[in-house]
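One-based numbering, in listed order, for ligands and for the atoms of each.
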Amino acid sequence: MSSLLQGVNLYLIGMMGVGKTTVGRLLAKELGYGFVDTDHVIAQATGKSINQLFAQEGEAGFRQLESDVLSQVCAFTKLTIATGGGIVLRRENWGYLHHGLIVWLDAPVELIYSRLAEDTTRPLLEDVDPQGKLRSLLEQRTPLYSQADLHITEREGDTPEDIAKRILEGIPGILKKAVSH
Ligand SMILES: Nc1ncnc2c1ncn2[C@@H]1O[C@H](COP(=O)(O)OP(=O)(O)O)[C@@H](O)[C@H]1O
Ligand SMILES: O=C(O)C1=C[C@@H](OP(=O)(O)O)[C@@H](O)[C@H](O)C1
Ligand SMILES: [Mg+2]
């Protein structure tokens, strides 16, 4: 598989809680790729948590850092990159994402919520109605996530390994599409 990919980067996009970070790490291992998580790079570079950055710089400040990291990361090859759920919001980011193959991890809001109900590290979910917030973010972002090359829908009970396997199975099909265009 990794020879088929010829070093092309894989970008995982999708809502918070779909498992981009978890599955991305597994995929990288399977492919013999490096693994990068844009949130992790931002936290390392600034010495601040995502919560602190949202509180101190606002969402706009965080989005600028996210674009800066993406623009740097896309200069490298042989990477699996777990992005933050909102990376799709800025048009300029798509120019970077399209340097590689883009995989949309998609899951029902109920499943996402069950995974993140106790989580305190997603500032956008600090809302009186976190499930409603997830629903409205998903509605707003679906047309953007739909621009991915591969769409993987998760079902309850799918393990990260199952999802990584389905992504690997989907890659040959999207590579063929890229060649035939
Ligand atoms: N397939 C899965 N099944 C069960 N729990 C999962 C699965 N994928 C991720 N998780 C859990 O859900 C939470 C969010 O996962 P994470 O990888 O951080 O998602 P993202 O990076 O998309 O926000 C974590 O607690 C993680 O352990
Ligand atoms: O959906 C979003 O806007 C965000 C998702 C988070 O990353 P994950 O998708 O890895 O949770 C993180 O970047 C930040 O809290 C904002
Ligand atoms: Mg993540």
For atom NE2 of His99, decide whether the heavy atoms of other residues, nucleotides or ligands shown that lie under 6.0 angstrom number more than 12.
->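 Counting other residues, nucleotides and ligands, NE2 of His99 exceeds 12 neighbours.
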Protein heavy atom at shortest distance from [atom]:
{"atom": "atom 25 (O) of ligand 1", "result": "Arg115 O, 4.7 Å"}
{"atom": "atom 10 (O) of ligand 2", "result": "Asp39 OD2, 3.5 Å"}
{"atom": "atom 18 (O) of ligand 1", "result": "Arg122 NH2, 3.0 Å"}
{"atom": "atom 21 (O) of ligand 1", "result": "Thr21 OG1, 2.8 Å"}
{"atom": "atom 17 (O) of ligand 1", "result": "Thr22 OG1, 2.5 Å"}
{"atom": "atom 4 (C) of ligand 2", "result": "Gly85 N, 3.9 Å"}

Would you mind running through ligand 2 and noting each atom that sits below 4.0 Å from a heavy atom of [X]?
{"X": "Gly84", "answer": "7 (O), 9 (O), 13 (O)"}
{"X": "Pro123", "answer": "15 (O)"}
{"X": "Gly86", "answer": "1 (O), 2 (C), 3 (O)"}

Please determine if Thr121 has a nitrogen or oxygen closer than 3.5 Å to a nitrogen or oxygen of ligand 2.
-> no
Ligand 1-proximal atoms of Thr159, by part, heavy-atom distance under 4.0 Å =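 Contact part for Thr159 vs ligand 1: backbone (N, CA, C, O).
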Between Ile163 and ligand 1, which part of the residue brings a heavy atom under 4.0 Å of the ligand: side chain, backbone, both or neither?
->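 Side chain only.
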Over all heavy atoms of both residues, which pair between Ile112 and Met16 is shortest? Give the atoms and the distance, please.
->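 Nearest heavy atoms, Ile112 then Met16: CG2-O, 3.1 Å.
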When you look for heavy atoms under 4.0 Å from ligand 2, do you find them on the side chain of Asp37, its backbone, both, or neither?
-> neither
Location of contacts on His40 toward ligand 2, heavy atoms closer than 4.0 Å | neither
Less than 3.5 Å between some nitrogen or oxygen of Glu154 and one of ligand 1, yes or no?
-> no
Backbone or side-chain N or O of Gly19 under 3.5 Å from ligand 1 N or O = yes
Sub-4.0 Å atoms of ligand 1 with respect to non-hydrogen atoms of [X]:
{"X": "Met15", "result": "22 (O)"}
{"X": "Met16", "result": "23 (O)"}
{"X": "Val18", "result": "22 (O)"}

Any non-hydrogen protein atom below 4.0 Å of atom 2 (C) of ligand 1?
-> yes
Atom 23 (O) of ligand 1 within contact range, any protein heavy atom under 4.0 Å | yes
Do any heavy atoms of Arg63 fall under 4.0 Å from ligand 2?
->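 Under 4.0 Å: yes for Arg63.
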Contact between Arg141 and ligand 2, counting heavy atoms under 4.0 Å?
->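 Checking ligand 2 against Arg141, which is what was asked, there is a heavy-atom contact under 4.0 Å.
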Within less than 4.0 angstrom of ligand 1, does Gly17 place any heavy atom?
-> yes
Enumerate the protein N/O/S atoms at a distance below 2.8 Å from the Mg ion (ligand 3), ignoring waters.
-> Thr21 OG1
